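The figures here come from the full heavy-atom set of this structure, side chains too, leaving out hydrogens, waters and symmetry mates. Convention: sequence-line order gives letters A, B, ...; per-chain numbering from 1. Fair warning: this is a prediction, and the values are worked out from it, not measured in the lab.
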Amino acid sequence: MSDAAPRDFIRQIIHEDLESGKHGEIVTRFPPEPNGYLHIGHVMSICLNFGVAAETRGRTFLRFDDTNPGKEDEEFVNAIEADVHWLGFDWEERLTHASDYFDALYAAAEQLIEKGLAYVDSLSADEIREYRGTLTEPGRNSPYRDRSVEDNLDLFRRMRAGEFADGEHVLRAKIDMASPNMNLRDPALYRIRHVSHQHTGDAWPIYPMYDFAHTMSDAFEAITHSLCTLEFEDHRPLYNWFLDVLEPEHRPRQIEFSRLNLAYTITSKRKLSALIDEGIVTGWDDPRMPTIAGMRRRGYPAAALRDFVARAGVTKKDKLIEMGMLENSVREVLGDPSPRRMAVLKPLKVVLTNYPEGQVEHMTAMNHPNNPDMGTRDVPFSRELWIEQDDFMEEAPRKFFRLKPGGEVRLRSAYIIRCDEVIKDAAGNVVELHCSYDPETKSGMPQSDRKVKGTIHWVSAEHAVDAEVRLYDRLFNEANPNAAEDYHSVLNPNSLEVVTAKLEPALAELPAGEAVQFERLGYFFPDSRDDAPDARVFNRIVTLRDSWAKLEKQALQGQS
RNA sequence: UGGGGCGUAGCCAAGCGGUAAGGCAACGGGUUUUGAUCCCGUGAUUCGCAGGUUCGAAUCCUGCCGCCCCAGCCA
């Protein structure tokens with residue numbers, strides 16, 4: 001285990017700490033506040049914390065940082081547990097809450113008071129802000145800063161007893177109001193909040209602040225490496241101050257790494273819930289959401305998410321990672337195991353004029369062209385078929401090797417057909433194609449290897465199963481929507497397109513929870529909420545790579 | 001203008017004084033009954049910039065520039 005090369009600076013530190021004997025065992029924690037759903041950014045933290053411990057046979061706690069009742073909710077704790085499990089990690093018996101330590105935290109606060117390192121301040125929130133100074137000017141001491149230990153103890157105990165109203169007093173650390181680090185200008189330790197807590201009920205009228213609760217919780221759990229994101233970098237001196245003055249048995253070390261930002265998405269909880277409230281998406285698990293719940297419903301495999309963050313790496317540099325990177329991981333893990341099927345998203349009718357009316361053949365199609373072990377299936381074939389509208393062009397460029405008037409194309413796993421006649425409606429829209437098939441070219445027959453440039457997918461009209469298919473695209477048109485003043489202005493209005501597709505019959509039997517490749521189109525996944533055996537609903541997980549679409553796009557750009 | 005961080009290819013990222021790994025993307029080519037997959041091949045005379053130290057610098061020093069974070073009784 002220790003001979004494996006460390007892959008990033010945090011693993012290097014951990015490796016050294018193990019080598020030097022500083023720690024016999026690595027203990028980490030993933031500490032979400034249960035005030036929202038976990039998103040792609042959290043995936044990074046989860047994989048890092050659980051990963052680093054697993055690699056060294058250490059342990060990881062799942063700890064709910066529940067020190068701010070009112071914002072937190074049981075719905076979120078359940079969702080978080082489900083998401084972490086789904087991602088593939090297990091905290092075993094190590095499920096804790098910052099609120100589990102409220103008694104110990106309270107005792108530590110009294111110790112601080114007794115040491116003369118904390119005091120009860122009776123300034124209002126506004127006054128405290130004024131006294132704090134600014135980034136360039138030092139703060140001033142509160143007039144209550146020199147209260148005696150006895151007074152402070154008395155006041156704090158009465159705060160705990162519920163004698164004061166919200167906001168009347170606050171317990172502060174006594175550090176340095178002139179520190180250039182704002183976090184050291186007598187940070188608040190406890191505030192009064194007469195609200196019930198989702199885990200401790202009405203037991204407490206006062207609640208500890210993040211810095212205090214987090215540091216001491218880490219110490220109580222004997223966390224060796226407390227891994228967090230860059231914005232906490234200048235909280236580290238405060239983190240260490242608590243450890244220095246309180247001298248707990250265990251001394252955790254905080255190390256910061258950069259957040260993972262995905263291009264074209266937002267992760268701010270406020271904005272994510274606004275998307276839901278405004279009806280732009282349907283909920284936290286909308287398949288367009290960057291939440292774990294959303295990505296799971298979309299059909300992204302957990303392994304793809306793990307692979308993606310592993311490739312992104314752990315560093316201190318701000319990241320804005322391209323979608324293509326995530327999509328690559330998704331395609332890579334879906335490629336081998338997903339069975340292939342045929343489905344037509346935007347149907348165009350084809351009539352094979354020389355094919356006997358009423359005849360049905362059963363074509364044998366491979367479930368995976370690169371893996372014969374996955375077997376074959378029967379696909380019914382008849383005189384009338386559906387093909388993709390995009391697979392026909394009346395006036396096609398020479399590079400278009402699909403169906404065009406007078407041209408030939410192979411129907412996958414079936415015959416080669418020729419387009420003889422284009423049928424249009426009064427408005428001039430193509431509504432139907434009359435084609436003829438070449439009986440000598442049936443898949444598997446001796447003559448079947450006749451070369452034609454293109455192969456397209458199809459579904460027998462008579463046997464087709466209708467299904468709702470949801471085609472998702474990015475939610476935003478701007479690579480960094482976080483930077484936009486108003487995210488509404490950068491919303492992608494076409495992030496969802498719903499079509500009624502024609503499926504080959506075998507697709508009606510696809511089990512829920514299993515991804516499938518619709519050949520030439522992409523990977524699809526039965527929707528966990530709306531899919532039903534007699535009314536299938538599929539989500540498009542991701543398209544296939546499409547070099548034709550790329551060419552078309554370039555041609556379009558060349559014209560304009 | 002105070003403090004804390006970060007700058008290696010379009011996006012990520014190795015590198016830790018000995019002469020710029022790798023992945024994604026892009027671009028060529030081969031295989032292919034998915035324009036998919038797979039396979040080959042192509043990118044940095046240079047590491048934000050400018051000096052300095054050194055036989056030798058992305059790595060050490062100095063200065064400058066750019067970007068991010070901090071003034072919650074949020075986390």
Asker: Using only side-chain N and O atoms of A/Arg545, determine if any of them is under 4.0 Å from OP1 or OP2 of B/A25.
Answerer: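 Yes.
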
Asker: I want to verify a distance call: between B/C70, B/A71, B/U33, whose nearest atom is closest to the A/Thr455 side chain?
Answerer: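 Between B/C70, B/A71, B/U33, the one nearest the side chain of A/Thr455 would be B/U33.
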
Asker: Measuring only the P atom in each nucleotide, how far is B/U42 from B/G4? A whole number of Å is fine.
Answerer: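 Between the two P atoms, the distance is 46 Å.
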
Asker: Can you figure out which of B/C27, B/A71, B/U33 approaches the side chain of A/Arg132 most closely?
Answerer: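 Output: B/A71.
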
Asker: Among the candidates B/A75, B/C24, B/A71, find the nucleotide nearest to the side-chain atoms of A/Arg311.
Answerer: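 Among B/A75, B/C24, B/A71, the one nearest the side chain of A/Arg311 is B/C24.
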
Asker: Check whether A/Tyr207 forms a cation-pi arrangement with A/Arg193 (NZ or CZ under 6.0 Å from the six-membered ring centre, at most 45° off the ring normal).
Answerer: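 Verdict for A/Tyr207: no cation-pi partner in A/Arg193.
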
Asker: For B/A13, take OP1 and OP2 only and decide whether either is under 4.0 Å from a side-chain N or O of A/Lys317.
Answerer: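 So the side chain of A/Lys317 is within the cut-off, an N or O lying under 4.0 Å from OP1 or OP2 of B/A13.
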
Asker: Could you check B/G72 for me: syn (within 90° of 0) or anti?
Answerer: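 Syn.
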
Asker: Counting just side-chain N and O atoms, does A/Lys319 come under 4.0 Å of either OP1 or OP2 of B/A13?
Answerer: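 So the side-chain polar atoms of A/Lys319 do come within 4.0 Å of the phosphate oxygens OP1 or OP2 of B/A13, strictly under.
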
Asker: Nearest to the side chain of A/Arg402, which nucleotide is it out of B/G35, B/C12, B/A75?
Answerer: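 Closest nucleotide among those given: B/G35.
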
Asker: Using a strict threshold of under 4.0 Å (side-chain N to carboxylate O), is an ion pair present between A/Arg157 and A/Glu110?
Answerer: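 The answer is yes: the pair qualifies as a salt bridge.
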
Asker: For a quick check of understanding: with a heavy-atom distance under 4.0 Å over all strands, which category does A/Ala188 fall into, base, sugar-phosphate or nothing?
Answerer: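 Sugar-phosphate: the residue A/Ala188, judged by heavy atoms under 4.0 Å, touches backbone atoms but no base.
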
Asker: Under 4.0 Å between a side-chain N or O of A/Arg331 and OP1 or OP2 of B/U37?
Answerer: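 Result: no.
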
Asker: Among B/C12, B/A71, B/A13, find the nucleotide with the atom closest to the side chain of A/Thr315.
Answerer: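 When the side chain of A/Thr315 is considered, B/A13 is the closest of B/C12, B/A71, B/A13.
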
Asker: So, is A/Thr136 close to the B/G3 phosphate, meaning a side-chain N or O under 4.0 Å from OP1 or OP2?
Answerer: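 Answer no for this pair, as no side-chain N or O of A/Thr136 is under 4.0 Å from OP1 or OP2.
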
Asker: Whole angstroms only, please: what is the CG-C1' distance between A/Leu326 and B/C11?
Answerer: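 From A/Leu326 CG to B/C11 C1': 13 Å.
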
Asker: Could you tell me how far apart A/Ile10 (CD1) and B/A13 (P) are, to the nearest whole angstrom?
Answerer: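 That distance rounds to 13 Å.
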
Asker: I want to check one thing: is the phosphate of B/G4, taken as OP1 and OP2, less than 4.0 Å away from some side-chain N or O of A/Gln254?
Answerer: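 Answer is no, no contact under 4.0 Å.
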
Asker: More 5' along RNA chain B: A/Ser258 or A/Leu551, using each one's nearest nucleotide?
Answerer: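 Whichever sits nearer the 5' end wins; that is A/Ser258.
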
Asker: Step by step, work out the side-chain hydrogen bond (donor to acceptor under 3.5 Å, both in side chains) result for A/Asp218 and A/Tyr239.
Answerer: CA-CA 10 Å; A/Asp218 282 349; A/Tyr239 188 95; 2.7 Å; yes

Asker: Hey, is the side chain of A/Glu322 pairing donor to acceptor with the base of B/G10 inside 3.5 Å?
Answerer: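 Counting by modelled atom types and ignoring angles, a donor-acceptor contact under 3.5 Å is found here.
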
Asker: Under 6.0 Å between the ring centres of A/Tyr300 and A/Phe525?
Answerer: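 Ring centres of A/Phe525 and A/Tyr300 not closer than 6.0 Å.
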
Asker: Would you state whether a donor and an acceptor, one from the side chain of A/Arg520 and one from the base of B/U34, lie under 3.5 Å apart?
Answerer: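 By the distance-only test, no, there is no pair.
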
Asker: OP1 or OP2 of B/U33 versus the side-chain N and O atoms of A/Lys451: is any pair under 4.0 Å?
Answerer: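 Affirmative; the distance criterion is met.
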
Asker: Mind checking the C1' distance from B/A44 to B/C11? Whole angstroms is fine.
Answerer: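 The answer is 15 Å between these two C1' atoms.
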
Asker: Distance under 6.0 Å and angle within 45° of the ring axis: does A/Arg412 meet both against A/Trp458?
Answerer: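 Geometry flag: not set, cation outside 6.0 Å or 45°.
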
Asker: So, OP1 or OP2 of B/A75: does either fall under 4.0 Å of a side-chain N or O from A/Arg63?
Answerer: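 Checking B/A75 against A/Arg63, no side-chain N or O comes under 4.0 Å of OP1 or OP2.
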
Asker: Tell me the partner of B/C24, counting only Watson-Crick (N1-N3 plus N6-O4 or O6-N4) or G-U wobble (N1-O2 and O6-N3) with both under 3.5 Å; none if nothing fits.
Answerer: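 Checking every strand shown, B/C24 finds its partner in B/G10, with both distances under 3.5 Å.
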
Asker: Tell me whether A/Tyr210 is stacked on the nucleobase of B/A75, counting only the six-membered base ring and applying the 5.5 Å and 30° thresholds.
Answerer: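 Ring-base stacking flag not set for A/Tyr210 and B/A75.
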
Asker: Roughly, in whole Å, what's the span from CZ in A/Arg259 to P in B/C70?
Answerer: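 The distance from CZ of A/Arg259 to P of B/C70 comes to 10 Å, rounded to the nearest Å.
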
Asker: If pairing requires Watson-Crick or G-U wobble contacts with both distances under 3.5 Å, which nucleotide is the partner of B/G43?
Answerer: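 Matched B/G43 with nothing under the 3.5 Å cut-off.
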
Asker: Measure from the side chain of A/Pro369, starting at C-beta and using heavy atoms only, and say which of B/C12, B/G35, B/A36 lies closest.
Answerer: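 The answer is B/A36.
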
Asker: Under 4.0 Å between a side-chain nitrogen and a carboxylate oxygen: does that hold for A/Glu332 and A/Arg311?
Answerer: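 Yes, charged N to carboxylate O under 4.0 Å.
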
Asker: Is the shortest distance from a Lys or Arg side-chain nitrogen in A/Lys71 or A/Glu33 to a carboxylate oxygen in the other one below 4.0 Å?
Answerer: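 The answer is no: the pair does not qualify as a salt bridge.
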
Asker: Is there a Watson-Crick or G-U wobble partner for B/U54 with both distances under 3.5 Å, and which nucleotide is it?
Answerer: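 With both distances under 3.5 Å required, B/U54 matches none.
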
Asker: Determine the contact category for A/Gly444: base if any of its heavy atoms lies under 4.0 Å from a base atom, sugar-phosphate if only primed atoms, P, OP1 or OP2 are that close, otherwise nothing.
Answerer: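 Base, at least one base heavy atom under 4.0 Å.
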
Asker: Rounding to an integer number of Å, can you tell me how far A/Phe257 CZ sits from B/G4 P?
Answerer: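 Value for this atom pair: 22 Å.
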
Asker: Closest to the A/Leu135 side chain: B/G15, B/G2, B/C74?
Answerer: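 Of the candidates, B/G2 comes closest.
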
Asker: Give one of base, sugar-phosphate or nothing for A/Leu544, where a contact means two heavy atoms less than 4.0 Å apart.
Answerer: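 Result for A/Leu544 = base.
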
Asker: Atom CG of A/Asp8 and atom C1' of B/G22: how far apart are they, to the nearest Å?
Answerer: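 Rounded to the whole Å, the gap is 15 Å.
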
Asker: Answer with yes or no after comparing the ring centroid distance for A/Phe102 and A/His197 against a 6.0 Å cut-off, counting only values under it.
Answerer: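 Yes; A/His197 has its ring centre under 6.0 Å from that of A/Phe102.
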
Asker: OP1 or OP2 of B/U33 less than 4.0 angstrom from a side-chain nitrogen or oxygen of A/Ser443, does that happen here?
Answerer: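 Negative; the distance criterion is not met.
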
Asker: Looking at the side chain of A/Leu320, which of B/A75, B/G23, B/C12 is the nearest nucleotide?
Answerer: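 Closest of the options to the side chain of A/Leu320: B/C12.
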
Asker: Please give, in whole Å, the distance from B/G5 P to A/Asn183 CG?
Answerer: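 After rounding, the gap between these two atoms is 13 Å.
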
Asker: Output the single nucleotide from B/C74, B/G35, B/G3 whose closest atom is nearest the side chain of A/Pro180.
Answerer: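 Looking only at heavy atoms from C-beta outward on A/Pro180, the closest nucleotide is B/G3.
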
Asker: Any side-chain N or O of A/Lys442 below 4.0 angstrom from OP1/OP2 of B/U33?
Answerer: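 So the side chain of A/Lys442 is outside the cut-off, no N or O lying under 4.0 Å from OP1 or OP2 of B/U33.
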
Asker: From CG of A/Asn480 over to C1' of B/G10, roughly how many Å is that when rounded to an integer?
Answerer: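 The distance from CG of A/Asn480 to C1' of B/G10 comes to 16 Å, rounded to the nearest Å.
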
Asker: Can you check the distance between B/C27 and B/A36, where both ends of the measurement are the P atom (answer in whole Å)?
Answerer: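 Going atom to atom, P in each nucleotide, I get 12 Å.
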
Asker: With a 4.0 Å cut-off on heavy atoms, is A/Asn370 in touch with a base, just the backbone sugar-phosphate, or nothing at all?
Answerer: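 Base: the residue A/Asn370, judged by heavy atoms under 4.0 Å, touches a nucleobase.
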
Asker: With distance as the sole criterion, is a donor-acceptor pair present between the side chains of A/Arg147 and A/Ser122 under 3.5 Å?
Answerer: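 Side-chain D/A pair, A/Arg147 to A/Ser122: present.
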
Asker: OP1 or OP2 of B/A75 versus the side-chain N and O atoms of A/Arg191: is any pair under 4.0 Å?
Answerer: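 Yes, A/Arg191 has a side-chain N/O under 4.0 Å of OP1/OP2 on B/A75.
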
Asker: With nearest nucleotide decided by heavy atoms, which residue, A/Gly133 or A/Glu72, maps closer to the 5′ end of RNA chain B?
Answerer: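 Its nucleotide being nearer the 5' end, the pick is A/Gly133.
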
Asker: Got a donor-acceptor pair under 3.5 Å from the side chain of A/Asn181 to the base of B/G4?
Answerer: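 For A/Asn181, whose side chain was compared with the base of B/G4, there is no donor-acceptor pair (under 3.5 Å).
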
Asker: Could you identify the nucleotide paired to B/C67, looking across every strand shown and requiring Watson-Crick or G-U wobble geometry with both distances under 3.5 Å?
Answerer: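 Pair assignment: B/C67 / B/G5.
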
Asker: So, A/Glu221 and A/Arg63, do they make that salt bridge, N to O below 4.0 Å?
Answerer: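 A salt bridge is present here (some side-chain N lies under 4.0 Å from a carboxylate O).
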
Asker: If you check every side-chain atom of A/Phe232, which of B/A75, B/A71, B/G4 has the closest atom?
Answerer: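 The nucleotide sitting nearest to the side chain is B/A75.
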
Asker: Would you tell me if any nitrogen or oxygen in the side chain of A/Thr67 comes within less than 4.0 Å of OP1 or OP2 on B/A75?
Answerer: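 Yes, because at least one side-chain N or O of A/Thr67 sits under 4.0 Å from OP1 or OP2 of B/A75.
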
